[in-house]
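Residue numbering restarts at 1 for every chain, and letters A, B, ... go by the order of the sequence lines.
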Protein chains: 2
Amino acid sequence: MSAEPSDPADGLLRASVHEELRRRFVTGRVMPGTSLSTRGLALELCVSQMPVREALARLAAEGAVEIRSKRRIVVPPMTAARFQDLLRCREMLEPDAAASAVRHIDAARLKRLRAVDDEIGEALRDGDVGAYMARNYEFHFLIYRALSRPTLIQLIETLWLQFGPYMRVVYGRFGTSRLDDQHERALAAIRDRNGPALRRAVLADIRDGMSLIAKNGFENGA
Amino acid sequence: MSAEPSDPADGLLRASVHEELRRRFVTGRVMPGTSLSTRGLALELCVSQMPVREALARLAAEGAVEIRSKRRIVVPPMTAARFQDLLRCREMLEPDAAASAVRHIDAARLKRLRAVDDEIGEALRDGDVGAYMARNYEFHFLIYRALSRPTLIQLIETLWLQFGPYMRVVYGRFGTSRLDDQHERALAAIRDRNGPALRRAVLADIRDGMSLIAKNGFENGA
DNA sequence: GTCAAGAATCTGTGATCTCAGAATTGGACA
DNA sequence: TGTCCAATTCTGAGATCACAGATTCTTGAC
């Protein structure tokens with residue numbers, strides 16, 4: 001993961017709690033429909049209720065959790081409509097972001113991308129979905145963060161935060177086969193400094209997810 | 001303003017505080033570079049520190065305020081880079097959103113749009129920048145919210161939240177002349193159910209803002 | 001008159017406490 | 001054995017308290 005910009009509010013308890021929860025969401029360690037409790041998380045993370053509450057308030061603002069009526073805070077259940085909404089938002093932002101970023105990816109970053117891609121391959125061979133999702137996140141954001149556009153990156157991060165729990169369900173249901181080719185194509189496009197090709201690779205990556213809901217409707221989350 | 005989907009966490013103190021602060025941001029009643037204090041706001045809004053803290057945590061997650069290192073929470077100062085970043089994000093989302101929404105705008109909504117447009121005209125005549133910004137917000141989101149895409153709307157709202165303070169500065173500096181024609185064009189496009197025309201009108205609206213930073217660099221906020 | 005050092009104040013952060021309401025569980029009755 | 005109701009438990013929301021650090025103001029010396 002290794003947050004690249006390193007939150008300015010470092011050393012704060014709330015920040016580390018938020019980072020931990022964020023990691024869980026992006027790597028799909030929380031299931032859609034699950035309910036979280038401030039007290040439970042506080043106990044688990046050995047902090048008081050307060051930092052957890054503020055972290056959850058942030059996550060609620062980012063759409064990762066919902067304050068369901070009263071007395072219940074849940075990670076939103078998976079819906080075909082919401083899944084498609086998210087994917088179409090990703091389509092609107094990420095291909096363009098990647099295409100614009102390609103000019104700013106230097107040799108060092110490309111090397112790191114290759115290393116992460118290798119780790120992705122390992123995770124896929126081991127069938128470790130959590131590791132795959134963590135590395136996949138790292139791969140994409142190594143590309144996007146080459147751009148100095150904090151607002152755009154923040155928007156995309158919001159999407160991934162909401163997307164993580166869904167992806168885990170999807171991977172658990174359909175497996176992780178043939179997921180690596182898009183990364184190969186992306187790496188080639190970056191090597192060639194080919195923005196349009198990278199755009200197509202990222203778009204294809206997103207469309208892969210889209211195709212999954214074409215054949216299956218989602219009804220529940222847990 | 002009148003939040004259309006009416007936050008599910010209604011009746012909560014934190015929600016009303018967040019709504020109030022949100023309103024201030026969108027209508028430009030806070031200046032870039034200003035610092036806010038939880039205690040001050042709590043005193044002003046006649047609530048305890050707690051709801052303010054959580055509301056500010058949400059606003060921080062939405063990028064409307066920054067937790068500057070320690071002991072200071074500020075609304076981000078205006079930068080040419082950030083201004084452009086925001087505008088380009090708006091360009092990526094809002095024209096498409098409007099074009100897609102045009103099919104879902106029924107007669108009732110169009111009537112409300114016309115009414116709001118009239119109020120915009122009044123505000124412009126009176127030179128009431130705050131009222132103009134509030135009605136302008138309402139106008140745009142009456143269009144976007146015709147879509148049932150909560151995630152997309154949430155993203156755009158985040159952008160407006162960050163954008164509000166900047167726009168107020170821009171309007172204060174350059175006035176609000178000739179701002180109404182885009183809305184006329186938009187209304188015509190909606191009447192004709194012409195998605196591409198509405199897309200062009202919204203894009204032109206955003207580009208208007210973009211043109212302002214072409215000739216002027218921003219250095220400070222206050 | 002100027003500058004620096006120290007004190008007082010103000011700020012965010014975290015902990016603890018209380019309360020109201022929802023959910024769950026238990027038992028009792030049919 | 002199944003169903004329904006009540007009581008207990010558990011949850012989030014809000015208020016209050018305590019603390020550390022930064023800022024600012026004041027005061028003293030040079």
Side-chain angles (χ1 to χ4, degrees), chain A residues 6-22 24-25 30-77 220-222, chain B residues 3 6-22 24-25 30-31 33-77 220-222:
Chain A
S6 113
D7 244 309
D10 221 345
L12 270 59
L13 222 44
R14 50 190 277 180
S16 68
V17 170
H18 181 257
E19 190 53 39
E20 166 64 20
L21 293 181
R22 177 187 197 71
R24 293 189 185 185
F25 274 82
V30 295
M31 297 281 290
T34 309
S35 67
L36 305 175
S37 92
T38 59
R39 281 195 240 267
L41 288 171
L43 209 60
E44 182 180 348
L45 301 176
C46 295
V47 295
S48 115
Q49 224 178 316
M50 186 67 50
V52 177
R53 280 172 62 173
E54 298 211 26
L56 285 176
R58 290 194 56 169
L59 290 174
E62 293 167 312
V65 300
E66 274 177 21
I67 316 286
R68 193 61 69 92
S69 69
K70 264 195 173 115
R71 154 145 212 65
R72 208 80 184 176
I73 168 172
V74 299
V75 25
N220 61 7
Chain B
S6 114
D7 244 309
D10 223 347
L12 270 57
L13 222 42
R14 51 190 276 177
S16 68
V17 170
H18 181 258
E19 190 53 39
E20 167 63 20
L21 293 181
R22 176 187 197 71
R24 294 189 185 186
F25 273 81
V30 294
M31 297 281 288
T34 309
S35 67
L36 306 174
S37 91
T38 58
R39 280 192 241 263
L41 288 170
L43 207 61
E44 181 182 347
L45 301 176
C46 297
V47 297
S48 115
Q49 221 179 320
M50 187 68 48
V52 178
R53 280 171 63 175
E54 299 211 25
L56 285 177
R58 287 194 57 168
L59 290 175
E62 292 166 313
V65 298
E66 272 178 21
I67 315 287
R68 192 63 66 94
S69 69
K70 265 200 170 107
R71 162 144 206 65
R72 207 81 182 177
I73 168 171
V74 301
V75 25
N220 61 6

Atom-pair distance ([atom1] on [X]; [atom2] on [N]), nearest Å:
{"X": "B:R39", "N": "D:dA15", "atom1": "CZ", "atom2": "P", "result": "14 Å"}
{"X": "B:R53", "N": "D:dA13", "atom1": "CZ", "atom2": "C1'", "result": "13 Å"}
{"X": "A:L36", "N": "D:dG12", "atom1": "CG", "atom2": "C1'", "result": "13 Å"}
{"X": "B:M50", "N": "D:dT16", "atom1": "CE", "atom2": "C1'", "result": "8 Å"}
{"X": "B:I73", "N": "D:dG21", "atom1": "CD1", "atom2": "P", "result": "20 Å"}
{"X": "B:L12", "N": "D:dT11", "atom1": "CG", "atom2": "P", "result": "18 Å"}
{"X": "A:L45", "N": "C:dA15", "atom1": "CG", "atom2": "C1'", "result": "16 Å"}
{"X": "B:L56", "N": "D:dG14", "atom1": "CG", "atom2": "P", "result": "14 Å"}

Hey, does [X] reach any base, or is it just sugar-phosphate, or nothing, if we go heavy atoms under 4.0 Å?
{"X": "A:R14", "value": "sugar-phosphate"}
{"X": "A:S48", "value": "base"}
{"X": "B:Q49", "value": "base"}

### Query
Under a 4.0 Å N-O cut-off, is there an ion pair linking B:E54 with B:R58?
no
#### Entry: Residue closer to the 5' end of DNA chain C, B:T38 versus A:P51 (nearest nucleotide)
B:T38
### Task
Could you check if a side-chain atom of A:E44 sits within less than 4.5 angstrom of a side-chain atom of A:E20, using non-hydrogen atoms only?
no
### Summary
Correct closest heavy-atom pair for A:L13 and A:S16 would be O-OG, 2.9 Å
### Summary
Smallest heavy-atom separation, B:H18 atom then B:L59 atom, equals NE2-CD2, 3.8 Å
### Query
Considering only D:dG14, C:dT11, D:dG12, which nucleotide approaches the side chain of A:S37 most closely?
D:dG12
